[in-house]
Amino acid sequence: MSFAHLSAFTVSDDHERQVTVWNSLPSWNRDPHSIRRALTEEMIPATDKRVQFIGGLKAYEEAGGQVQRELFDERNAGYAMDVALVEKLVAEKLETAAATVRAEGWKWVECSATAPAGYHAMKRHYPEALPLSEEDQAALDAAQAEYDELAELIESGMADDEAEAKLSDVEKRIDTLNARTEAYSPEALEQAGTFVFLDYYGRLAIERGFVKPREVEAAGDEDEDREGLPSASSAAIPKAPSISHSAALIEDLTAHKTAALRVELANVPEVALVAVVHALLLRVAYPYNSEQSALQLSLTHEHLEPPMKDAESCKALSAFNDLADNYGHHLPGNPADLFDWLLEQPQDMVLMLLAFCAAHSVNAVEMKFTDRKRGIEQANQLGRALKVHMPDWFETTGDSYFKHFNRTTIELSVAEARGSDAELSVRAAAKKSEAVTIADRLVAGSGWIPAPVRLARAEAEREPKSESIAEDEQFPQAAE
């Protein structure tokens with residue numbers, strides 16, 4: 001054990017549990033992250049969005065919750081031990097927000113700790129624009145002027161100690177007045193409802209105006225019953241005249257606009273980089289928001305868990321998920337803020353995010369039937385450019401490899417890894433299970449990996465030798 005291993009174990013003071021976890025983890029997966037994850041699988045980390053939403057572990061402890069902390073955790077983050085209490089506190093805070101929303105007069109208001117499944121596809125009512133009264137408009141103009149004056153004083157360093165508080169009060173007045181510029185119709189309030197939930201980043205999300213499918217069907221049936229009756233809309237107030245463009249003219253004019261954007265973007269690589277990363281991040285980090293980019297870029301992201309027999313044991317998949325969590329803490333919660341946020345980041349950060357997005361689209365999975373053979377072959381070239389050493393990410397064991405095929409293949413694999421004498425040891429086994437155990441023991445620690453996991457060498461580098469010798473760099477023990 002290393003110091004990092006011992007540090008991970010300090011997240012629990014249950015010695016029996018520690019021993020059980022150590023013995024249950026395969027030798028190739030006994031890294032500190034796996035140990036910590038196994039010991040805390042029934043706890044909620046302080047970084048969990050639910051804990052953050054209720055005010056952190058401090059609020060949880062004040063409610064009587066027990067916290068477990070790792071001895072060597074410099075952040076002293078810790079874990080919530082009482083999952084039920086966390087869920088209760090989340091529900092109470094959501095219900096508090098929902099009570100305010102219910103007062104608006106919606107047909108229904110539903111709370112949940114996660115985004116409702118498929119709510120983006122539901123029919124939705126949107127607020128209608130309303131003109132401000134003369135009194136409110138005058139108050140809004142005055143508030144905006146006061147805001148600009150305070151902001152200028154703060155930026156110039158001439159503001160007093162109370163300026164920040166005054167600015168905050170003015171912002172609230174402006175928000176209150178702006179809220180009066182739109183409202184939902186009585187029909188929307190009668191038919192639709194509101195979802196109150198936690199978004200991907202643990203922030204309170206209130207999404208109004210959704211109509212449930214069964215209510216849409218009921219409304220349709222009601223319309224059929226009313227068919228032929230006089231419509232109340234026939235007495236609608238005529239709209240004020242406005243400039244109107246035909247669809248063909250709009251296409252023509254916006255084509256000119258698009259051409260101008262293209263030539264300008266082509267000459268400003270810094271903004272082009274931001275625009276590309278923005279479009280890709282919308283696909284990767286903000287589900288259902290890819291339409292918020294002007295660029296028609298597509299990124300295909302295949303989930304790797306389905307073809308894996310034991311996804312939980314994949315070190316690379318676990319590391320990539322940790323990387324995604326890390327970036328998730330930095331990105332703005334609202335996708336509408338993403339582009340401006342990217343413009344403010346140093347180019348190194350934007351390039352790292354570009355690499356993160358590109359990594360999602362890598363696919364070297366060889367399916368039984370595929371039209372991507374050349375793309376899969378290029379994955380080897382990509383791996384060589386990255387100087388990937390596959391034995392760092394995959395260890396050949398009985399569970400990960402040998403138990404999945406017949407004895408002949410086990411013998412041939414061991415012969416390739418350890419030579420003919422080792423092959424004879426496997427062949428002497430009475431049962432396949434014994435052969436798997438012997439193969440596991442013989443190959444353990446050798447670094448040998450099966451052919452499908454290896455990175456093939458470039459054609460120009462290949463010597464007129466056997467394939468197994470030509471690829472010794474990926475499994476040096478095969479030459480012993």
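Nearest heavy atoms, A429 versus I438: CB-CD1, 3.9 Å. Taking all atoms of both residues into account, the shortest heavy-atom contact from A151 to L167 is N-CD1, 4.2 Å. Closest heavy-atom contact between V86 and R50: CG1-CB, 4.0 Å.
Relative ring orientation between Y184 and W106 is described as perpendicular, the plane-to-plane angle rising above 60° on a 0-90° scale split at 30° and 60°.
Figure legend: K123 and F210 shown without cation-pi pairing, the cationic atom not lying both under 6.0 angstrom from the six-membered ring centre and within 45 degrees of its axis.
No side-chain donor-acceptor contact under 3.5 Å links H278 to the backbone of D340. A donor-acceptor contact shorter than 3.5 Å links the side chain of Y60 to the backbone of D82. Side-chain N or O atoms of S168 include none that pairs as donor or acceptor with a backbone N or O of E164 at under 3.5 Å. Of the possible polar contacts, one joining the R407 side chain to the R427 backbone as a donor-acceptor pair under 3.5 Å is found. In terms of modelled atom types and a separation under 3.5 Å, the side chain of R124 and the main chain of R208 share a donor-acceptor contact. A distance-only check finds no donor-acceptor pair linking the side chain of D48 to the backbone of I44 [under 3.5 Å].
Using a cut-off of 4.0 Å between Lys/Arg side-chain N and Asp/Glu carboxylate O, E171 and K166 are scored as not salt-bridged. Using a 4.0 Å cut-off between charged nitrogen and carboxylate oxygen, R454 and E416 count as a salt-bridge pair. Between E95 and R102, at least one side-chain N (NZ, or NE/NH1/NH2) sits under 4.0 Å from a carboxylate O, which counts as a salt bridge. Under 4.0 Å is where a charged nitrogen must lie from a carboxylate oxygen, and between R418 and E423 no such pair does.
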For S34 and D31, what are the C-alpha separation, side-chain angles and deciding distance, and is it a side chain to side chain donor-acceptor pair (under 3.5 Å)?
CA-CA 5 Å; S34 298; D31 57 274; 2.8 Å; yes
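Results of the side chain to side chain contact (heavy atoms under 4.5 Å, CB included) test with Q345 over V277, L353, V274, V350 single out V350 as the only residue that passes.
N406 and T409 are linked by a side-chain donor-acceptor pair at a separation below 3.5 angstrom, with hydrogens and angles left out of the test. Judged purely by distance below 3.5 Å, without hydrogens or angles, the side chains of S400 and T397 pair a donor atom with an acceptor atom.
By the 6.0 Å contact criterion, NZ on K432 is enclosed, its count of non-hydrogen atoms from other residues, nucleotides or ligands being greater than 12. More than 12 heavy atoms of other residues, nucleotides or ligands shown are found within 6.0 angstrom of CE on M1. The number of heavy-atom neighbours closer than 6.0 Å to OH of Y147, taken from other residues, nucleotides and ligands shown, is 12 or below.
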